[in-house]
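Beneath this line is the structure, given in structure tokens, with notes to follow.
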There are 2 protein chains.
Amino acid sequence: MALTIKDIAKKCGVGVSTVSRALNNHPDINKETREKILKAVEEDGFIPNNSARNLKRTDSKTVAIIVKDIDNPFFATMMRVMEEEIHQEHYTFFIQHVGDKQNEVDAALELVKEKRLRGLIFLGGYFQGQEERLGRIKVPFVVSTAELPDIPDKETCSFITIDNEQESFYMVEHLCKKGHKKIAILAAAKDDCNIGRMRLEGYKRALAEYKIPLHKTLIRHLDKNHAEYSMENGYQLMKELLKEGTTFTAVYAISDLMAIGALRALHEAGRKVPEECAVAGFDGLSYTAYYIPSVTTVVQPVEEMAKESVKSLFQMIESKKGVPGKILPARLAERQSTLGTGPNASGPVPVYNSEVKR
Amino acid sequence: MALTIKDIAKKCGVGVSTVSRALNNHPDINKETREKILKAVEEDGFIPNNSARNLKRTDSKTVAIIVKDIDNPFFATMMRVMEEEIHQEHYTFFIQHVGDKQNEVDAALELVKEKRLRGLIFLGGYFQGQEERLGRIKVPFVVSTAELPDIPDKETCSFITIDNEQESFYMVEHLCKKGHKKIAILAAAKDDCNIGRMRLEGYKRALAEYKIPLHKTLIRHLDKNHAEYSMENGYQLMKELLKEGTTFTAVYAISDLMAIGALRALHEAGRKVPEECAVAGFDGLSYTAYYIPSVTTVVQPVEEMAKESVKSLFQMIESKKGVPGKILPARLAERQSTLGTGPNASGPVPVYNSEVKR
DNA sequence: TTGTAGGCGTTATCAG
DNA sequence: CTGATAACGCCTACAA
């Protein structure tokens with residue numbers, strides 16, 4: 001079997017507790033003893049068994065991030081920022097992925113027990129209908145980039161998100177103000193009841209407010225079986241729309257990836273963007289700033305969301321009280337894909353746009 | 001304290017071992033007893049403590065993936081494929097991220113002990129000079145998308161990668177064959193000794209083979225302090241090059257992200273691609289197929305690499321013998337960004353390219 | 001089929 | 001400052 005603390009103790013002629021003290025930087029230990037032990041540890045390549053440690057420990061100064069959707073293109077950034085913030089608090093942390101079929105709350109429940117977590121952050125996931133389960137999590141947690149339902153008997157939880165409906169509304173309003181009246185939307189699958197639906201709602205509300213009738217053929221839903229907000233799916237949706245020949249002067253994709261797929265499809269069909277058709281996305285992926293044409297989009301405040309998530313978590317850990325959820329404002333970045341478009345446009349579309357903020 | 005197996009036992013009026021048996025689907029247990037127990041477990045929301053389990057267990061049917069660089073854009077795909085493959089073997093698995101400063105091998109060593117892993121896969125990372133440490137990993141492991149140095153006293157390890165130098169060579173050769181003589185390269189930081197250097201070597205060799213003298217000003221290195229292969233860094237590098245006014249007819253970026261940054265910079269400078277300048281990348285990110293113009297690149301066999309990694313791992317787990325490392329061929333995808341370019345070009349550049357394979 | 005007891009590798013407690 | 005020893009929660013002989 002592998003090396004244990006006992007072996008080290010024996011080798012150094014000390015008791016196991018002394019070794020443990022050396023390993024954990026306890027103050028009450030002779031300097032030389034400590035060094036002798038650490039040297040032996042180094043030499044033999046001894047590694048303490050974390051399972052045993054966690055089993056015994058009550059306190060861990062550890063938090064975890066539970067990530068539901070690896071693919072989500074801005075989770076990488078969020079994780080990096082969270083990592084920094086958590087380290088600043090002198091906590092250790094780790095990231096746990098949960099698969100498509102796994103339940104994120106179950107994973108959390110296990111982890112809290114296993115690792116003696118002080119708190120955790122959910123990155124993505126879907127929590128409607130999981131109230132009861134969530135209530136079982138005994139440590140504070142924050143749901144990041146997703147809505148959190150009300151949880152009976154649970155105080156120390158919070159959420160950070162943006163107002164998907166409202167931001168979506170702003171985007172469509174932006175198009176309306178330019179005078180667009182035929183605005184197609186590349187939306188989520190029909191039965192979606194997550195952010196996809198919210199963004200669609202925003203679209204509908206904006207049109208209503210601007211007295212533009214809804215055209216069913218301009219609302220394109222993803223297929224149930226290909227429901228990812230991917231470039232490929234955006235591409236396909238756009239192609240179908242083009243094939244049908246319905247007129248439209250603007251396309252709003254509920255995700256940047258879909259917008260890019262759409263742009264590709266438009267390009268291949270010979271439709272010039274933005275001159276002949278405006279295109280807008282949602283999310284604020286950095287890709288969109290580099291695309292040609294650069295893509296108008298709703299930029300999610302990624303860094304801030306990450307920071308606020310961590311902040312809320314530690315607030316709860318320290319105060320043992322809940323903190324209210326936060327809805328952060330996003331930023332509409334107008335880029336070339338909608339520039340100078342629409343009946344209300346005044347001048348020609350600028351050809352180059354180094355001046356457009358990336 | 002939280003619920004334990006004892007509480008459940010007491011509640012059901014049985015012994016702890018019976019509960020354990022129910023929990024672990026042991027065959028020798030009365031059906032009704034089992035159901036009674038499971039019902040109680042469900043009711044109380046009991047969750048076994050994994051630390052205790054792992055401590056006791058010797059064997060776990062678990063493998064782990066250790067990911068070094070969250071940002072790497074094709075790791076997401078690789079992870080998904082690996083996940084599928086590992087599940088097919090009826091193993092459980094999890095993904096562990098290690099931070100920039102953390103050492104991946106140390107993380108592995110800990111994990112093996114803690115979770116009683118049967119094997120693990122490193123995704124990314126850097127292993128030169130870590131031979132001794134790697135030798136301490138007592139279970140089989142595979143290094144994916146990175147080189148593995150020779151490890152004394154360690155049989156059951158392997159690697160999966162592509163030949164970065166050779167593939168890079170092919171890409172540059174491709175440009176040479178088109179008649180390009182002034183080929184700029186956007187390369188890694190000067191002191192890079194990883195894939196960045198290999199790709200640069202391939203560039204040099206290709207030029208040598210085609211009797212094209214090296215122009216120092218055409219070799220643009222990333223700055224040490226901004227060494228990521230990012231769009232932003234590619235953009236900056238390209239801008240500098242353009243500013244200097246050196247002539248070139250093609251740009252080869254050692255990563256797709258940098259290529260896209262470069263394309264953006266060229267666009268903003270009014271240089272038409274591919275008409276006035278060819279651009280090529282490396283990696284095969286799906287994004288390149290949707291960019292306008294679509295980007296010629298070296299497509300890494302992502303799926304295959306993932307599958308082969310898992311395959312090799314299980315081969316080693318089962319046979320307890322090492323398997324030789326594999327170097328997989330990549331595919332050069334010619335797309336619009338180099339189409340019909342160079343002195344040897346025959347016709348005009350096609351305007352649309354729905355026919356170009358995405 | 002079920003219960004009891006011992007031990008997995010640590011850490012915490014408490015004497016020394 | 002140091003060393004025994006009892007947990008931590010679970011699994012697994014072994015006995016019943």
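Order of the sequence lines sets the chain letters (A, B, ...), proteins ahead of strands, with each chain counted from 1. In this text the structure is predicted, and so the values were computed from the model without any measurement.
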Taking NZ in B:K61 as the centre, count heavy atoms belonging to other residues, nucleotides or ligands within less than 6.0 Å. Is the count above 12? yes
Are there over 12 heavy-atom neighbours, none belonging to B:D28, within less than 6.0 Å of that residue's CG? yes
Apply the test salt bridge (Lys or Arg N to Asp or Glu O under 4.0 Å) to residues A:K11 and A:E43: give CA-CA distance (whole Å), side-chain angles for both, the deciding distance (0.1 Å), then the verdict. CA-CA 11 Å; A:K11 182 174 174 181; A:E43 263 178 37; 3.3 Å; yes
Can you confirm if the NZ or CZ of A:K115 lies within 45° of the ring axis of A:F94 and under 6.0 Å from the centre of its six-membered ring? yes
Measure the spacing between CD1 of A:I37 and NZ of A:K39 and express it to the nearest 0.5 Å. 12.5 Å
Along nucleotides 10-16 of chain D, 5' to 3', which nucleotides get a B, which get an S, and which get a -, given that the test is a protein heavy-atom distance under 4.0 Å? BBB----
Within residues 27-42 of chain A: residues closer than 4.0 Å to DNA chain D (heavy atoms): A:D28, A:I29, A:N30, A:T33
[X] has an atom [atom1]; how far is it from atom [atom2] of [N], in whole Å?
| X | N | atom1 | atom2 | value |
| --- | --- | --- | --- | --- |
| A:E110 | D:dG9 | CD | P | 16 Å |
| B:I8 | D:dG9 | CD1 | P | 13 Å |
| B:N54 | C:dT10 | CG | P | 14 Å |
| A:D7 | C:dG9 | CG | P | 9 Å |

Can you spot which of B:Y91, B:F141, B:F93 makes a ring-ring contact (aromatic ring centres under 6.0 Å, His included) with B:F314? B:Y91
Looking at B:K326, is its backbone amide N or carbonyl O close enough to the side chain of B:E308 to form a donor-acceptor pair, meaning the two atoms are under 3.5 Å apart? no
With sequence neighbours left out, what residues match A:K36 under side chain to side chain contact (heavy atoms under 4.5 Å, CB included)? A:C12, A:V14
